[in-house]
Amino acid sequence: MAINICRRLAVLTSSRITKNAPTRLCSSIYEPDYLEAMKPPYPLYPPLLVRIRGYDYPVIENYQSWIHRIANHMKFKVADSYPMPAKELKVVRYKTGTTVIDAEYLLKIYERDLKVTDIPSVRFPIFLWAVKKAIPVGVMLDIEEWTWEQENKRFIPNPRLLELKAEIEEIDEDRPQKKKKF
């Protein structure tokens, strides 16, 4: 009877040790466990650029803030949100069957951009469906992969700064090159 009690204690203590012992998430003994634990359970999309364009700025700004709220609610990270400079579009209406101008319109196309990151591949179709269903009338929506070229488009060049850079380059070209001594 004493032997059975000792066996039961040995089984109980060994099961407690294995239950409380930390389990290894990685298959490698050289990698720390937290590296594997930090990986997302689903694959992620690359950073995406959500571009909203239209003719009425308040509508676009309101729609952009709504998309921002939806993205935050779905646990996406909105890395950046900014307006782009307005583009002007000239529209001419002609009289029927002639080349005589009947009316001339100057339209402004406004644009807002959102850079969205950390997008799980499981939630993105739901996000896309919701954004497409709620699009206002007269608003155009484009979603594409974010690139550095798009980042550079948002900055308006300063003509005075460009002139100063050109002057510095001219001065550098006029200066004679010194030979290096070894």
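Please read all numbers here as calculations on a predicted model, not as lab measurements.
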For E104 and R93, run side-chain contact (heavy atoms from CB on, under 4.5 Å): C-alpha distance rounded to whole Å, both residues' side-chain angles, the deciding distance at 0.1 Å, then the answer. CA-CA 6 Å; E104 193 172 304; R93 188 176 73 191; over 6 Å; no
Check the hydrophobic clustering (I, L, V, M, F, W, Y; side-chain heavy atoms under 4.5 Å; chains of links allowed) and say if [X] and [Y] are grouped together.
{"X": "W66", "Y": "L141", "result": "yes"}
{"X": "Y105", "Y": "Y55", "result": "yes"}
{"X": "I126", "Y": "Y45", "result": "yes"}
{"X": "L114", "Y": "Y82", "result": "no"}
{"X": "V139", "Y": "I109", "result": "no"}

Kindly compute the distance separating [atom1] ([X]) from [atom2] ([Y]), expressed to the nearest 0.5 Å.
{"X": "I119", "Y": "K77", "atom1": "CD1", "atom2": "NZ", "value": "12.0 Å"}
{"X": "E167", "Y": "L162", "atom1": "CD", "atom2": "CG", "value": "11.5 Å"}
{"X": "H68", "Y": "I70", "atom1": "NE2", "atom2": "CD1", "value": "11.5 Å"}
{"X": "L48", "Y": "L128", "atom1": "CG", "atom2": "CG", "value": "9.5 Å"}
{"X": "M74", "Y": "R69", "atom1": "CE", "atom2": "CZ", "value": "15.0 Å"}
{"X": "M84", "Y": "I52", "atom1": "CE", "atom2": "CD1", "value": "13.0 Å"}

Apply side-chain contact (heavy atoms from CB on, under 4.5 Å) to D113 and V50, showing your working. CA-CA 6 Å; D113 291 348; V50 179; over 6 Å; no
My understanding is that only one of Q64, R51, R53, K153 makes a side-chain hydrogen bond (donor to acceptor under 3.5 Å, both in side chains) with E111; could you say which? R51
Is a side-chain donor or acceptor of S121 paired with a backbone partner of P43 at a separation under 3.5 angstrom? yes
Does any N or O in the side chain of E169 come within less than 3.5 Å of the main-chain N or O of A166, such that one atom is a donor and the other an acceptor? no
List for me each residue that meets ring pair (Phe, Tyr, Trp, His ring centres under 6.0 Å) alongside Y94, sequence neighbours excluded, and say none if there are none. none
Donor-acceptor side-chain pairing of Y57 and R112 below 3.5 angstrom: yes
Heavy-atom count around E149 CD within 6.0 Å, excluding the residue itself: above 12? no
Please check if the number of heavy atoms outside Y42 that lie under 6.0 Å from its OH is greater than 12. no
Run the side-chain contact (heavy atoms from CB on, under 4.5 Å) check on I135 and Y63 step by step: do they pass? CA-CA 8 Å; I135 193 165; Y63 185 56; 3.7 Å; yes
Please find the pair of heavy atoms, one from P125 and one from V122, that lie closest to each other, and give the distance. CD-O, 3.6 Å
Which heavy atom of I60 sits nearest to which heavy atom of G54, and what is that distance? CD1-N, 3.0 Å
Does the side chain of P120 come within less than 4.5 Å of L44's, by heavy atoms? yes
I would like to know whether L49 and I143 meet side-chain contact (heavy atoms from CB on, under 4.5 Å); could you show each step before the answer? CA-CA 6 Å; L49 181 74; I143 298 177; over 6 Å; no
Whether F124 and F127 hold their rings parallel, tilted or perpendicular, with breakpoints at 30° and 60°: tilted
